[in-house]
Structure formats: structure tokens, C-alpha cells
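Before any comments, here is the structure.
Each chain gets a letter, A, B and so on, in the order its sequence line appears, and its residues count up from 1. It should be emphasised that the depicted structure is a prediction, and the values quoted were computed from it without experimental measurement.
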Amino acid sequence: MPYVPHTTADTRAMLEAIGVSSVEELFAEIPQTLRPKSFDLPPGMSEMATRARIEDLSSRNSTNLVSFLGAGFYDHYVPSAVDALTSRGEFYTAYTPYQPEASQGTLQAIFEYQTAVSRLLGMECSNASVYDGGTAIYEAVMMAVRHTRRVRVVVSETVSPIYRILLGTYTKNLKLDLVTVPHAGGATDFEAMRQALDDKTACVVVQNPNFFGCVEDASALFAAAKAVGAVSIASAYPVLASVLKTPGEMGADVAVAEGQSLGLPLSFGGPYLGIMTCTKALVRQMPGRIVGRTTDTKGREGYVLTLQAREQHIRRQKATSNICSNQALCALRCLVHLCLLGEEGLKRTARASMENARYAAHKLTRIKGVEMLGAAPFGNEFAVTLPRSAQDVCLAMIGRGFVPGFPLGRYYPGLENALLVCCTEKNSRRDIDILAAWLEDEI
Amino acid sequence: MSTVFKKSALGREGVWPDAPGHDLSELLPADLLRGPQANLPSLSELDVVRHFSLLSRKNFGVDSNFYPLGSCTMKYNPKFCEDVAALPGFSRLHPLLPQLPRGDEMTQGALEVMYESERWLCEITGMSEFTLHPMAGAHGELTGVLIMAAYHADKGNKKTKIICPDSAHGTNPASAAIAGYEVVSVASKDGIVDPDALAEVLDDEVAGMMMTCPNTLGLFEKNLPRIVEMLRKVDALLYYDGANLNAIMGKMRVGDAGFDVVHVNLHKTFATPHGGGGPGSGPVGVSARLVPYLPISRVVKDPSGRFHLRYDYPKSIGYVAPFYGNFGVVLKAYAYMLRLGREGLVKVSENAVLAANYLRKKLDDVLQVPYDRICMHEFVASAEKQSEKGVRALDIAKALLDKGYHAPTVYFPLIVKECLMFEPTETESLDTLDQFVADLREILALAESDPAAVQAAPVTLPVTRLDETAAARNMHITDDL
């Protein structure tokens, strides 16, 4: 039996020590009426056979397409050392650091992660992570609701539609007043957002770059929110945060992000990384684990989980959140990735991605019938309108082995002809040239 | 050891892309650009490798240490599961692919992993359908409670309360509360839920009850059939916290026993690694009457054997995850299930329960075991007697660290004083268990002869006991510039 080391002799010895004659006796309390009605599963397989089966399944996915797909999840280069370091057994087979003396590796790494992401987003504090960027927005909204004791939540339609659906699911039973402010040609309608603010508003939520790729400045909106006592929540793109005006500079109270772009594989949707940072003033409302530095009995520096009175294992139903397991190993990957790239490497990645996007935008808009959706400055992603359905054009391009981008019509009625195109440093000029040539063909 | 920030030296080249130096003012107007530097570390690759290699050596992990942590199921994490999760055919898949034309076609392998994992979990637990979307156990609990709420809303029931036993894990009441319910506690008698106490708090405003079996004391909830009946009378739903599933695979199926909603912890029962605190995965299973409320998307198999994602479920609660859950974690659990198969999973539970009872018998003369009868995969002991001499459960835990063991769970569940909860799991050898018993007995003897020595533990690790009060007071949670 794989992974179970007990021999027949071992089992006999244990049964004798316990004082029963068979293993079945240990389950005697489970009455016949509660025994399984069926337990019809295949027999086990050797490691070799299991691996072959799964490798076969992996070959039935299309991973060799040339892709310009982003929409919140980005294919950046991950240095080899990230895998090498995070696959050390002492990191990935470790438990939650509740016994800090035996967990200084994990704890110091989380402390460094907290430091790195709060600096990246220009904020004062961070937690040890939540599940993903969408849950992070929900948790940020709940921080605002608790802090202000108000129920009105003003969200821009330019925040990821996937995250907005998630927010709706989580808050359906909570009697919140969720207001969505429509986009204006792919740009955030800051004027309408300001109009939507009142003294019942708990928070405003925006994203930069927004879902359409536009780079925007929410400073004035955040100042207006502050004036009515509402919390400002910004969702960021971590790679571009190295070069763009940060949520902190704009006056955000809570800044969240999906950390996948910092060292995590796309992995068909998870595990990902919910980055959550905030101002010192709000830290006691922040959910999740937080690591703090302290000293031991000999005065040596060490790290512990702190402010645990916010958490479920202490406060139970009065906790700030129910979160227990978070994404610790993903946060470690993020930290290692940031350390390997450094600020310089991250900036170069951002620049290369943005330059490739500009090249692509230039080539695509030279095609007759293809136009930019809006005129706003963009980061490494932009939306174009095509002369016909973006889904249809996509279908044709997929037939040629290219994924040209994400058709927006699914989440934005009226934009069925719009396509969201993303570039990272991994897209070559040559691939962009071919994309443009074939797109022109198809159109 | 210094932080990476202290080891930083400006100008050290890390792993940089080919892009030329950055003059971003060419690309964007200045008022959209970042002003101050981020002050991220600037390190060479060797600096980084050395730093994290040294940090890792300050950690315990299952690979190097026995973790008899009750309620956590710290079993061995098979290495081949790690390998298959890293296969590029899975790791390179963008989650939005299925939302493109021919999307299902491009992701058949991944969809099959999801579909098959759901089928395995259904058969193991006896539930009708599963969702893999919840990204941790607590997330599964929240998802389960949202499903319960949707059922009641659909039926027009007015439900405001959820019942949790006093022995429940903190995530149970927390999840119920954040879903908008009032939490009511029910008392245990002789370690299990007391139906008479339940009768006192059960009324038709109760949406449901959250339980686990075996419960957090490692005891079988033998009043379960009566509890199920009581709840049905007021149309309250019964939730199973799957943290203790390792005890009952092949011996009991919670769906057959009358539970309506279940979550399982893949990072416990199904051997995916704990990662220092995640990522986990908490799939949720439901009985037939709750299927319409499952989150979307759902994976289906057509008559020709092809897999598709469907979103057209009008009663669904919506999205609880951006996509399909922690797919990379589910994949590891799937590999584990395939490897073990039917008889392997049964043996897991048999040996988990065997090992726990063995440990209990070897310790019940030196520690108080409040429920000293056949336990399931874990048992609780009390250090109340030792605490009278000044040695508390916490001190025993720290002394175990010095012997190279991660401590058992301490001070949970709340209903036992100076509680120590032991769960050896099925993957530890008899030699390890015997050595652990010998070492723990030595500590308990020391607690009698030299309590101060135990109170000073740990002394062999990189740090001694840390000042948690000062940590909360000083709130030093980021490194200084």
C-alpha cells in the first residue's frame, strides 16, 4: 500500500497494544445503517501508470498556441530559481506557522513578502495573502463596510467583470447596496463615480490599468471619497505597478491585486495570490494572517503571527473573516520572483510588455476596419473594435494557432465586436507581425 | 538573519529580460507614472538562492519532521503529485481559454481532470454533485452556507440562524457569520452533540447545522441519525466539515448518513502539501436537492464522452472563485486518488485510526485522556495534571519542538482544558510512533522533576520563545527602509 508503512507485524503489535483483535473492531461504533451504500472506485495504480495517465491528459490541452490573452492573468517569464527554491520540502511541506520557533523560515519569508508588496503598491501594511485578486476586492469591501458601518458600495464597470460577479455572489445575503457605474468607451467614468458618492457610501472600487487596459489616475476620486468618509479601494496589476502611479500615491486606503503575474503559472485558474495592502489606520480591519517582527527571550530578532485577535481561531463568529489557509506558498513564489527580478527587472518587464503592446496596437490599427476602442493611454493591454464579431474572428485565428485576445461581448453587451489584446515581454515582434497579417486576412 | 532588503545592493543584476533601460516618459505621460522608487531588493541570483536556502533550513516540514497535529492530517506529500502538477500541458493553460470559441476543445485534458475528480469525491462521500471551486476549507464552508441560503430563499423559508457545536473549529461560526447568519452554539455531552441540548435551540428559523464526524475530539457522533431527523422536521440542512474525512473513507459516507452539504480539504485528506499556510482546496459536495444552487461554471460530459463547461444554471449562487478553483491543487489530489484507488483509500482510514488508537494507549497513563475509549483518527489529551505543577500544554508543545517533532494541536477544541490533540496519520512508521511516545514520556517525566526545564523550551532552535505581546504592541509588520 503506497505511503502506508505498516507491515503485518506492525499492525498486529498495534492491535495488541490497543486491546482489540482486528482493525474492523476499531470501526464498530459505525452502525451498519451508516455504512457506505456503495464505494465503487477503480483499483489503485503504480506511480508509473498514474503518471502516464496524467501525462496523457496533459497532452489533450492546447498549450502551444501563440497567445495575446490577458484580461487579468498574464504570461510573464518566471526565472528557474523560483521553482527551485519554492520546491524545497522545508517550505512546501511546512504547516501554518502557529509554532513560530519551528517556522522562522516561513515567517521571515512572509514578513519580507508583506514588505515587498506594500512597497510595490505604495502602501503601509500588507497581510500574508488571501485566495486571489477577486476575493481580495470582496475582503476590501467588507473592511470598508465594517469600518464605516455603511452599506453603499460604488464599483466601476471597468473593474474586472469576473471579480464583480464574485463580489455579487459573496455579498448577496448581506443587504449591501452595490452600485455599478458604467464605463465610458472603455474608460472609467470618474465624473459619474464622484456623482455616485454620498454619506452612505462605504467605499469606491476602481482598477488600474482598468479591465480595458487603460491607465488612469483615481487621485481626484479618492480625495472626493475621503471627503465623504468613504474608503478608497484600488485594484492594481503588480508588474505595471513598478512603473505606474501607485494606489498609495493616489490616496487609496486599501490596495489589492492578483499576484499571479509575479511568479505564478497560469495553471488554469489557480492557485493564485490575493495581495491585500492597506494604510496603518485600517490594519486592524484587515483579514487574514499578518506576520510581525519581535524578539525572543535572548533578545534575538524573530517573527510571529500577530494581531491574531482578528482571526477565526480566536474570535470565531466575530472574526474579520473566516479565512484560515491562505496562499502562503504562492506568496513565497511572489517574493522570490520579486527578489530575482528586483525593481530593475520588474521595470524592464513592464516596459518590454508596454512596448510590445504599442507595436501591436500600431500594426493592428493599420488594418482597415480595426480601430482603438478609446483614445486613453494604455499599459500592456488595449481594446480594439473589429468590423465584425470578435468571437468569429477569434474562432478563425484559433484555427491558425493564434489566440488574438479576449472578445469583450460576453461581459459587456454592445461590445460584441471588441477584442482585448495583451502583450507581455514573451510576445515577439515576429509573432505580432504574423498576428496582424492573419487578422487582416480574416477581416 | 538579515532580510533580503538589508542584503540588497543597488546595481546588482538579477534575472532581467532583454528589454533596454527604461525611459517610460516615452510611453506614458508623467502624471500617470510612479514617483518614488519601490525600494525592492536588488540582489544577484546567488544572493537570492542563498537567502532562501538558509531560510528553509529554519523550518520544520513533514519531509523532515513528524507533525501529529490534530485536525490537520499532516500526512506525507507524494513527490510524483508535485511533478504532475507542474506538467506544462496544465501549468501553461490560461483560465479564459474555455470562454473562447472552441474553448472546451482546447482544454479537454483539464476538464477531464475536473470531471473525474468530482466523480471520485462524489463516490467517496456519497454526495450527488461536487464543485471544485472553493480555494480552501473555510472557503468551502462559506460556499456551503451560501448554497444553504439559496435553497431557503428559493423555498421562501425565513431562516436566520445556524447552529454550531461548542467543539466546532473556528472557521465554522466565522463562515456562518460572514454569510449573514446568527450563530447559535449547542452543547456537547460526553464529547458528542447532545440531542436534548439541540432540541432546546432548534426552531424553524434555523437554516442549518454545521457538524463533523468524527468530531473535533476524534469521537464518532453516534446520535447522528436522530440529529438528521430533528433537522429535517424544521427543514434545516446539515453541513459536514470534512476536516476529519481521513477517519472514515470506505467506512461511512456522509451523503448516505443524511448530510446535505459537505466540504473536503484536499490539503488534508488528499495529501496535497500545506505550503506553510496554503494554497489549499476545499471542494463542496451537495445532495440532490441542493444541486441547482451549486456555483458556476460546472463541467459536464456529453454522450460522446467530451467535456464542456456550462453556465446556464439560473438558480446557481454565482461565482465563488474567478475560475475553477485551485486547479493545480486539485490535480495533485486527483493523482493521489488514482494512485491509491479504492483499496488504498480504505487502507488510509484504517491505518489512520489504528495509529491514533495506538498512540492513545501508549500515552493514557501519563496524560489524562478524557474520552479514553476507541477513538477515530485523532484523540485529545489533557495536561491539566501537569499544569498543576506549572507545566502547561504550551510548555509540553515547545519541549517537543526541541526533540524535533512539531507539537500536536494545543488549546483546541476549547472544551478540554490544557488540550493536546494528536493525529499521527497513516503515513508514519511504528518506529516513529514509538520514538515519539518515548520522547514525550521523557518530557512528561521532566515536567515532574524539573518543570523549569520544560518551561524554558525550546532551546535548540534558531529562536527561543518569542514575545507575542510586544509584536502586537509594536506592530512591526514591514521592514524598515
Side-chain angles (χ1 to χ4, degrees), chain A residues 5 10 14 18 29 36 41 43-44 50 54 57-58 60-63 79 85 88-90 93-94 96 101-102 104-106 115 131 165 169 173 265 267-271 292-294 296-297 302 306 312-313 316-317 319 322 324-329 339-340 342-343 345 348 351-352 395 425, chain B residues 14-17 19 22 40 42 48 52 55-56 58-63 84 87 89 91-93 95 101 106 108-109 135-136 138 170 173-175 177 180 183 220 253 273 275-280 318-319 323 326-328 339 341-342 344 347 357-358 429-430 461 463-464 471 476 478-479:
Chain A
D10 292 339
M14 288 196 274
I18 296 166
E29 257 196 313
L41 293 165
T50 310
I54 299 193
L57 286 169
S58 82
R60 303 208 217 131
N61 297 316
S62 307
T63 47
L85 290 166
R88 291 178 74 96
E90 299 90 338
T93 70
T96 308
E101 302 89 344
Q104 288 298 294
T106 295
T115 307
Y131 309 130
I165 295 172
T169 303
N173 300 327
S267 194
F268 205 50
R293 177 186 278 158
T294 186
D296 74 356
T297 59
T306 191
Q312 52 80 24
H313 57 293
R316 297 170 72 87
Q317 59 259 43
N322 70 338
C324 186
S325 285
N326 47 3
Q327 304 289 100
L329 197 71
C339 288
L340 288 166
E343 195 154 352
R348 288 183 182 219
R351 183 186 164 105
L395 179 60
E425 77 285 7
Chain B
V15 182
W16 293 348
H22 48 279
L40 292 175
S42 178
V48 179
F52 289 100
L55 268 188
S56 78
K58 294 185 175 197
N59 259 10
F60 281 18
V62 172
D63 276 3
V84 300
L87 288 168
S91 67
R92 287 209 202 127
L93 274 185
M106 294 192 278
Q108 282 297 294
M135 295 173 276
S175 302
V183 178
F220 182 74
R253 293 197 322 173
Y319 288 15
F323 298 103
N326 280 345
F327 178 80
R339 174 98 173 83
R342 184 192 187 284
K347 287 282 180 226
N357 277 285
Y358 179 73
S429 70
L430 189 54
L461 297 180
V463 292
T464 57
H476 198 160
T478 55
D479 206 5

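Rounded to the nearest 0.5 angstrom, B/F52 CZ and A/L340 CG are separated by 8.0 Å. With values rounded to the nearest 0.5 angstrom, B/Q108 atom CD is found 9.5 Å from A/S62 atom OG.
Heavy-atom pairs under 4.5 Å with chain B were tallied for A/T63, A/T115, A/L329; the largest tally goes to A/T115. Of the listed residues (B/R339, B/R342, B/M135, B/R92), the greatest number of heavy-atom pairs within a distance under 4.5 Å of chain A belongs to B/R339. Chain A forms more heavy-atom pairs under 4.5 Å with one residue of B/A136, B/G14, B/S91 than with any other, namely B/S91. Taking chain A as the reference chain and counting heavy-atom pairs below 4.5 Å, the highest number among B/G109, B/G61, B/G280 is found for B/G109. Contact count against chain B (heavy-atom pairs under 4.5 Å) is highest for A/A102 among A/A102, A/A352, A/P43. Of the listed residues (B/G318, B/P101, B/S42), the one with the most heavy-atom contacts under 4.5 Å to chain A is B/P101. Of the listed residues (B/S429, B/G328, B/G276, B/G344), the greatest number of heavy-atom pairs within a distance under 4.5 Å of chain A belongs to B/G276. In terms of heavy-atom pairs under 4.5 angstrom with chain B, the leader among A/G342, A/G345, A/S58 is A/S58. Among A/Q104, A/E425, A/E101, the residue making the largest number of heavy-atom pairs under 4.5 Å with chain B is A/E101. Top candidate by heavy-atom pairs under 4.5 Å with chain B, chosen from A/N61, A/L85, A/T169, A/T50, is A/N61. For the options B/G275, B/A471, B/G341, B/G180, heavy-atom pairs under 4.5 Å to chain A are most numerous at B/G275.
Of all heavy-atom pairs spanning B/G277 and A/T96, the tightest one is CA-OG1, 3.7 Å. The shortest non-hydrogen separation linking A/C339 to B/V48 is O-CG2, 3.7 Å. Across all their heavy atoms, A/E90 and B/S56 have their closest contact at CB-O, 3.1 Å. The two residues A/A94 and B/N59 make their nearest non-hydrogen contact at CB-ND2, 3.9 Å. Considering all non-hydrogen atoms of both residues, A/R348 and B/P17 come closest at CB-CG, 3.8 Å.
A/R293 and B/D479 are joined by a salt bridge, as a carboxylate oxygen and a charged side-chain nitrogen come within less than 4.0 angstrom of each other.
Both the backbone and the side chain of A/I54 come within less than 4.5 Å of a heavy atom of chain B. Only the side chain of B/F323 comes within less than 4.5 Å of a heavy atom in chain A; its backbone stays farther off.
Between the side chain of B/T464 and the main chain of A/D296, no donor-acceptor pair closer than 3.5 Å is present. At least one donor-acceptor pair closer than 3.5 Å links the side chain of A/T93 to the backbone N or O of B/D63.
Within the 4.5 Å cutoff, the side chain of A/T306 has no heavy atoms near those of the B/H476 side chain.
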